Amino acid sequence: DFASARVNLGLAHMMSGDLKKAFAEEAEAVRLNPRLVEAHYNLGKVYQKRGRHRKAVDAFRQAVQLADARGPEISLGKQLDPGEARRQEKIFRLRSAQRLASLGNAFLAVGEADSAIVSYERSLELDPGLSDVHYNLGIVYEEAGRPNEAIKHWEAFLYLARSDPSLNSGVSEAKQRLPRLRKRLER
C-alpha cells in the first residue's frame with residue numbers, strides 16, 4: 001500500500017520494457033495516492049510508449065497541474081539555508097520543465113500543435129537549456145508558417161548542441177532547415 005514504492009517499481013518495469021507491469025504499478029500508485037505527481041507522469045510515459053497519446057496527454061496534464069499546485073517540495077518544519085532552498089527550487093523547475101516538455105510531445109502526437117507550443121514555451125521559461133524542446137519548437141513553428149520563431153529555436157538548438165555529439169543528426173537537420181527559412185524571410 002506504499003504508493004511511492006509502486007511508482008519506483010513501475011519505473012523499473014518500464015525501463016526493462018515490461019509496459020504491462022509498468023502500467024499496473026503506476027495505475028495502482030495513482031489509485032493509492034491520486035495526488036502523487038510522479039505516478040501520473042510515469043503513467044503518461046507508459047501510455048506514450050503504448051501509442052495511447054490521448055491518454056498520455058491526460059496523465060501528463062494531471063502531473064503538471066498537481067506539481068503546479070504543490071510547488072517545490074520543502075521539508076516541513078525545517079528551516080532551509082538559502083543554498084538548499086535554491087537547490088530545491090532549481091530541481092523543481094527542471095522537473096516541471098521536463099513534465100511540460102512531455103506534455104508538449106503528447107500534444108504533438110495527437111495533432112494539437114498550438115497546445116504543444118504552449119507547453120514547450122512554458123517548459124523553456126523554466127529551463128531554457130532543453131535542446132530537445134528547442135528542436136521540437138523549430139519544427140512546429142516551421143510547419144506553422146512562423147519562420148522567425150522557427151529560426152530562433154533552431155539557432156538555440158544549435159548553440160546548445162555544439163558540445164553534445166549525440167545530437168549530430170539534429171544538428172545536420174537544423175543546418176539544412178535554417179538557410180531555407182532565412183531565404184523564405186528574404187522574399
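Keep in mind the model is a prediction, meaning the values are calculated, not measured.
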> Are Y141 and H153, when compared by the centres of their aromatic rings, separated by less than 6.0 Å?
yes
> If I take atom CG from residue L43 and atom CG from residue D58, how far apart are they, to the nearest 0.5 angstrom?
10.0 Å
> Should the pair R87-E84 be classified as a salt bridge under the 4.0 Å nitrogen-to-oxygen rule?
yes
> First locate atom OH of Y47, then atom CZ of R52, and finally report the distance between them rounded to the nearest 0.5 Å.
5.5 Å
> Provide the closest heavy-atom pair for L130 versus S123 in the form atom of the first, atom of the second, distance.
CD1-OG, 3.3 Å
> Please report the closest heavy-atom contact between A97 and D127, naming both atoms and the distance.
CB-CB, 3.8 Å
> If you group Ile, Leu, Val, Met, Phe, Trp and Tyr whenever their side-chain heavy atoms sit less than 4.5 Å apart, what else falls in with L100?
Y41, V57, F60, V64, L103, F107, V110, L126
> Does H40 have any side chain to side chain donor-acceptor pair (under 3.5 Å) partners at least two apart in sequence or in another chain, and if so, which?
none
> Would you name the heavy atoms of A39 and A29 that are closest together and state the gap between them?
CB-CB, 3.8 Å
> For the residue pair L32 and A3, what are the closest heavy atoms and their distance?
CB-CB, 3.9 Å
> Quick test of your reading of the model: are R177 and E173 salt-bridged, counting only N-O distances below 4.0 Å?
yes
> Do you know the tightest heavy-atom contact between V171 and A161?
CG2-CB, 3.6 Å
> Got Q62 and Q65 here, is their nearest side-chain heavy-atom distance under 4.5 Å?
yes
> Strictly distance-based, threshold 3.5 Å: is any side-chain N or O of S96 a donor or acceptor partner for the main-chain N or O of F92?
yes
> Is E28 salt-bridged to R31, going by a charged N under 4.0 Å from an acidic O?
yes
> To the closest 0.5 Å, what do you measure between CG (N8) and NE2 (H13)?
11.5 Å
> Taking atom types as modelled, is there a side-chain donor on Y120 or N105 under 3.5 Å from an acceptor on the other?
yes
> Taking atom CZ of R35 as the centre, does the number of heavy atoms from other residues, nucleotides or ligands within less than 6.0 Å exceed 12?
no
> For the atom pair NZ (K49) and CG (L19), what is the distance rounded to the nearest 0.5 Å?
7.0 Å
> Could you check if a side-chain atom of E112 sits within less than 4.5 angstrom of a side-chain atom of H53, using non-hydrogen atoms only?
no
> Heavy atoms, side chains only, cut-off 4.5 Å: are E142 and R180 in contact?
yes
> With rounding to the nearest 0.5 Å, note down the distance linking CG in L178 to NZ in K183.
14.0 Å
> So do L158 and R162 actually touch side chain to side chain, heavy atoms under 4.5 Å?
no
> Does a side-chain heavy-atom distance below 4.5 Å link I139 with W154?
yes
> Have a look at D68 and tell me which of R61, R99, R122 forms a salt bridge (charged side-chain N to carboxylate O under 4.0 Å, His left out) with it.
R122
> Would you call V133 and F157 a side-chain contact if the rule is heavy atoms closer than 4.5 Å?
no
> For the CZ atom of R86 and the CZ atom of R93, what is their distance to the nearest 0.5 Å?
14.0 Å
> For S166 and D164, run side chain to side chain donor-acceptor pair (under 3.5 Å): C-alpha distance rounded to whole Å, both residues' side-chain angles, the deciding distance at 0.1 Å, then the answer.
CA-CA 5 Å; S166 71; D164 187 348; 2.6 Å; yes
> Could you check V7 against E26 for side-chain contact (heavy atoms from CB on, under 4.5 Å), going step by step and ending with a plain yes or no?
CA-CA 5 Å; V7 167; E26 299 301 344; 3.8 Å; yes
> Just do the side-chain contact (heavy atoms from CB on, under 4.5 Å) check on D132 and L167 with the steps written out, would you?
CA-CA 9 Å; D132 58 326; L167 299 174; over 6 Å; no
> Take E149 and L181 through the test side-chain contact (heavy atoms from CB on, under 4.5 Å) and record every step on the way to the result.
CA-CA 10 Å; E149 290 94 337; L181 287 166; over 6 Å; no
> Which heavy-atom pair separates G138 from A150 by the least distance, and what is that distance?
O-CB, 3.5 Å
> Checking side chain to side chain contact (heavy atoms under 4.5 Å, CB included) between R50 and each of K45, K20, K55, which is the one that passes?
K20
> Taking atom CG of D114 as the centre, report whether more than 12 heavy atoms of other residues, nucleotides or ligands fall under 6.0 Å from it.
no
> With clusters built from Ile, Leu, Val, Met, Phe, Trp and Tyr whose side-chain heavy atoms come within less than 4.5 Å, directly or transitively, what are the remaining members of the cluster of I91, listed by chain and number?
none
> Could you check whether E38 pairs with R6 (Lys NZ or Arg NE/NH1/NH2 to Asp/Glu carboxylate O, under 4.0 Å)?
no
> Compare all side-chain heavy atoms of I117 with those of R146 and state whether any distance is below 4.5 angstrom.
yes
> Determine, step by step, whether F23 and M14 satisfy the side-chain contact (heavy atoms from CB on, under 4.5 Å) criterion, reporting the C-alpha distance in whole Å, the side-chain angles of both residues, the deciding distance to 0.1 Å, and the verdict.
CA-CA 8 Å; F23 175 80; M14 189 181 348; over 6 Å; no
